[in-house]
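Worksheet: the structure to be examined is printed underneath.
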Amino acid sequence: MPELPEVEQVKKTLAPHVVGKTIKVVDVRLPRLIQYPSAEIFAQRLVDQKIESIERKGKYLRLNFGQNLYLLVHLRMTGALLAVNKAEEEPAYAKIKFELTGDEDLWFTDIRTFGTLYLIDNEDKSIEGYASLGPEPLSNELTIDYLEPICKKKSAAIKGVILDQKVIAGLGNIYADEALFLAGILPQRPANLLSKEEIVKLIKAINHVIAQGIKNHGTTFRNYQDADGNKGDNVKYLFVYGRKGEKCKVCGQELCGLKVAGRSSTYCAKCQR
DNA sequence: CTTCGTTCCTGGAAGC
DNA sequence: TGCTTCCAGGAACGAA
């Protein structure tokens, strides 16, 4: 599932293929993926737009066209943006084709079709999930002074708090489990019962796992691939995610599984308290 | 306001 | 072997 490091890797690999290219035709094969505006207007407005740059904010990618026109893409679970040579056959699960100037086209593919796309004017406040994103890991806004008061106000599980994109932008199930393991905190602990020291450790752990994920080009657990169709290398560095029933890499004890905040969670009952 | 459950979807794994 | 059931989860949404 694409989280911050995976989306960052898509941005890096996509940019050399598409920045400076102009969209000539848009073929939307699954209109419900277009959240705003209608699929018809979406396709029409993109014609002859030149891709000036690409940015990432949280798990969103933003293609900038100039004149305050932006394409927001959220990959959700299995969405992918692929640059494919026009001579090659189209990719599997192709849902949207952006015909570009040059030798390659841009494809949006999606197995489970949860991905969402938006074409917006200005850096609009109209897309709630995008406009309300909290600070990012590795930014100087994610501080103890920011996070501690938020935790103090919430009796819900800490894992749910750090998965909330309004609190921290970019964490998903994989990096949340990994950060909680590194910080030595059980995912089900009520956020308001964490000590200041624990929250400090958690912020450091979040920054660490995200930086490592980026360095390793993302985590490919099932379907994630970058714009070149390559997988990430980070899965071999995971301590807990997807390892329920296996031995803890630190203490050797069998890892536990539990539903927390509606998500499957894996943790070590000995290393995490 | 917060918190929690439901919903969307498909492929692969697990179960019978 | 082959069919059925379950599970994966980001985030919007509605209910309590």
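Naming convention: chains lettered A, B, ... in sequence-line order (proteins, then strands); numbering from 1 in each chain.
Contact annotation for A:Phe221: no contact, since no heavy-atom pair falls under 4.0 Å across all strands. Looking at heavy-atom distances under 4.0 Å, A:Ser264 makes contact with sugar-phosphate atoms alone, never a base. Residue A:Thr116 is classed as having no contact, given no heavy-atom separation below 4.0 Å to the nucleic acid. Contact annotation for A:Met1: backbone-only contact, meaning every heavy-atom pair under 4.0 Å involves sugar-phosphate atoms and none involves a base. Among the heavy atoms of the strands, none lies under 4.0 Å from A:Lys166.
With hydrogens and angles ignored, the 3.5 Å screen pairs a side-chain donor or acceptor of A:Glu198 with a backbone N or O of A:Ser195. Not one N or O on the side chain of A:Glu141 forms a donor-acceptor pair closer than 3.5 Å with the backbone of A:Glu136.
Within a 6.0 Å sphere centred on NZ of A:Lys215, heavy atoms belonging to other residues, nucleotides or ligands number 12 at most.
By the 4.5 Å heavy-atom criterion applied to side chains, A:His74 and A:Leu61 are not counted as neighbours.
Residues forming a salt bridge (Lys or Arg N to Asp or Glu O under 4.0 Å) with A:Glu40 (at least two apart in sequence, or on another chain): none. For A:Arg32, the side chain to side chain contact (heavy atoms under 4.5 Å, CB included) partners two or more places apart in sequence, or in a different chain, are A:Leu30, A:Thr113.
Under 4.0 Å is where a charged nitrogen must lie from a carboxylate oxygen, and between A:Glu99 and A:Lys24 no such pair does.
Ring pair A:Tyr60/A:Tyr118 is tilted by interplanar angle, where 30° to 60° counts as tilted.
For the residue pair A:Thr13 / A:Asp228, no side-chain donor-acceptor distance below 3.5 Å is found, with atom types taken as modelled.
Boundaries of the chain A contact region on DNA chain C are C:dA8 to C:dA12, first to last in 5' to 3' order (nucleotide atom under 4.0 Å from a heavy atom). Of all nucleotides in DNA chain B, those with any atom nearer than 4.0 Å to a heavy atom of chain A start and finish, going 5' to 3', at B:dT3 to B:dG11.
Heavy-atom nearest nucleotides on DNA chain B were determined for A:Gly262 and for A:Arg32, and the one closer to the 5' end corresponds to A:Gly262. Take the nearest nucleotide of DNA chain C for A:Gly129 and for A:Phe114: the residue whose nucleotide is more 5' is A:Phe114. Checking A:Lys153 against A:Thr113, the closest nucleotide of DNA chain B that is more toward the 5' end is the one next to A:Lys153.
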Less than 3.5 Å apart, which donor and acceptor atoms pair up between the side chains of residues 253-260 of chain A and the rest of the protein, not counting sequence neighbours?
none

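Screening A:Thr116, A:Val26, A:Ile96 for a side-chain contact (heavy atoms from CB on, under 4.5 Å) with A:Ile34, the sole residue that qualifies is A:Ile96.
Rotation axes derived from the C1' atoms of the five outermost pairs at either end of the helix from B:dT2-C:dA16 to B:dC16-C:dG2 lie 60° apart, to the nearest 10°.
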